[in-house]
Amino acid sequence: MKKTIFSLVASALVFASVPVFAGGGAVLEPPQHPWSFEGVTGKFDKQQLQRGFQVYKEVCSTCHALSKIAFRNLSDLGYSEDELKALAGQYKVIDGPNDAGDMFERPARPSDIIPGPFANEKAARAANGGAYPLDLSLIAKARHDGSNYVRALLMGYENAPHDMKMPDGMYYNKYFAGHQIAMPSPFSDGAVDYQDNSPETVQQYATDVAAFLTWAAEPKLETRKALGLRVMTFLLSLTVLLYLYKRKVWKDVKGH
Ligand code: HEC
């Protein structure tokens with residue numbers, strides 16, 4: 001009995017650790033980027049997150065929503081309250097019903113979710129040849145090695161190999177499972193005008209927007225890491241103290 005439970009648990013663990021990919025085809029592991037937020041003391045680079053948001057806003061947001069993020073959450077990126085008010089004011093949201101029972105449009109406020117490009121999934125599919133440009137709020141967590149995957153995917157467009165027939169509206173991408181993706185390559189060098197002196201290249205855009213989407217999926221990453229470090233330090237000091245205490249107690253016992 002014990003044995004069967006043990007082997008059940010063991011096989012469950014093995015299954016859980018095998019990554020599952022949608023679609024077929026060999027999946028290429030994305031190159032590993034040295035992110036600022038990696039490691040136990042990792043932190044987001046706010047300047048990079050702002051550039052990433054700019055890329056999202058100017059490029060990705062024509063197809064993808066970011067439905068877990070309100071304008072005010074962007075204060076994490078270092079924007080002031082006034083900047084966020086001005087940013088929200090560029091968008092319209094549907095509110096209501098008013099006293100007459102009608103829905104109405106008003107300028108967005110910092111507490112509003114950033115409005116997405118489509119009213120619903122059907123509208124999104126209709127505009128993208130049937131494919132669904134999924135919500136990007138959690139994508140960096142939803143995919144294995146998400147930050148590196150998103151970055152690689154955006155840099156992974158190539159001409160299809162000669163022996164592969166690409167259906168209309170599909171693009172070859174070496175990092176997408178099955179290598180055929182319904183998303184066209186979203187940018188080329190120079191597509192986004194950066195305010196700082198960062199290079200305006202596909203590689204830089206891909207890196208910045210992947211960092212931004214990592215923040216979007218886990219805004220509390222820094223707090224989590226800082227807490228983890230504090231807990232580890234505490235446990236380590238406790239271990240040392242208990243060890244010294246144990247030695248003292250046993251010294252007294254042996255002394256008698
Ligand atoms: C013209 C519309 C369009 C634009 C612009 C666009 N996407 Fe997409 N994206 C799509 C569609 C459609 C899909 C679904 C593809 C599929 O399922 O084949 C998709 C899928 C994705 C996926 C999911 C891949 C997966 O593993 O399922 C990611 C990540 C992604 N897009 C990121 C981005 C980012 C980041 C940007 C901005 C730099 C962007 N997209 C711009 C249409 C777009």
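Remember, it's 1-based here, ligands and their atoms both numbered in the order they're listed. What you see below is based on every heavy atom in this structure, not just the backbone, and it leaves out hydrogens, waters and symmetry mates.
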Starting from [atom], what is the nearest protein heavy atom, named by residue and atom, and what distance separates them?
{"atom": "atom 38 (C) of ligand 1", "answer": "Cys60 SG, 2.6 Å"}
{"atom": "atom 22 (C) of ligand 1", "answer": "Leu134 CD2, 3.8 Å"}
{"atom": "atom 16 (C) of ligand 1", "answer": "Ala182 N, 3.7 Å"}
{"atom": "atom 27 (O) of ligand 1", "answer": "Arg143 NH2, 2.8 Å"}
{"atom": "atom 10 (C) of ligand 1", "answer": "Met183 CB, 3.4 Å"}

How about [X]: does its [atom1] atom have over 12 heavy atoms from other parts shown lying under 6.0 Å from it?
{"X": "Asp196", "atom1": "CG", "answer": "yes"}
{"X": "Gln203", "atom1": "CD", "answer": "no"}
{"X": "Arg247", "atom1": "CZ", "answer": "no"}

- Item | Tyr79 ring center within less than 6.0 Å of Phe71 ring center | no
- Is the distance between the ring centroids of Tyr194 and Tyr205 under 6.0 Å? yes
- atom 8 (Fe) of ligand 1 reached by Cys63 (N, O or S, under 2.8 Å): no
- Task: Using the salt bridge (charged side-chain N to carboxylate O under 4.0 Å, His left out) rule, take Glu222 and Lys43 through it: C-alpha gap first, then chi angles, then the decisive distance, then the call.
- Result: CA-CA 6 Å; Glu222 287 175 14; Lys43 281 196 169 40; 5.6 Å; no
- May I ask which of Ile181, Leu153, Val150, Leu213 has a heavy atom nearer to atom 15 (C) of ligand 1 than the others do? Ile181
- Query: If you measure from atom 13 (C) of ligand 1 to every heavy atom of Tyr132, Phe212, Tyr171, Phe187, which option wins on shortest distance?
  - Reply: Tyr132
- Message: Just to check, does Phe176 reach to within less than 4.0 Å of ligand 1 when the distance is taken from its heavy atoms?
- Response: yes
- Message: Quick check on Tyr149 - does any of its heavy atoms sit under 4.0 Å from an atom of ligand 1?
- Response: yes
- Could you check whether the rings of Tyr157 and Tyr171 sit parallel, tilted or perpendicular, using 30° and 60° as the cut-offs? perpendicular
- Once the angle between the rings of Phe37 and Trp35 is folded into 0 to 90°, is it parallel (under 30°), tilted (30 to 60°) or perpendicular (over 60°)? parallel
- Item | Exercise: identify the closest heavy-atom pair between Thr233 and Leu229 | OG1-O, 2.6 Å
Sub-4.0 Å atoms of ligand 1 with respect to non-hydrogen atoms of [X]:
{"X": "Thr62", "value": "5 (C)"}
{"X": "Val59", "value": "5 (C)"}
{"X": "Ile139", "value": "29 (C)"}

- Task: Using only N, O or S atoms, tell me which atom of His64 is closest to atom 8 (Fe) of ligand 1.
- Result: NE2
- Message: Residue-level breakdown please: for Tyr205 versus ligand 1, do any non-hydrogen atoms fall below 4.0 Å on the side chain, on the backbone, on both, or on neither?
- Response: neither
- Short version for Asn128: what comes under 4.0 Å of ligand 1, heavy atoms counted, is side chain
- Donor-acceptor contact below 3.5 Å, side chain His64 vs main chain Leu134: yes
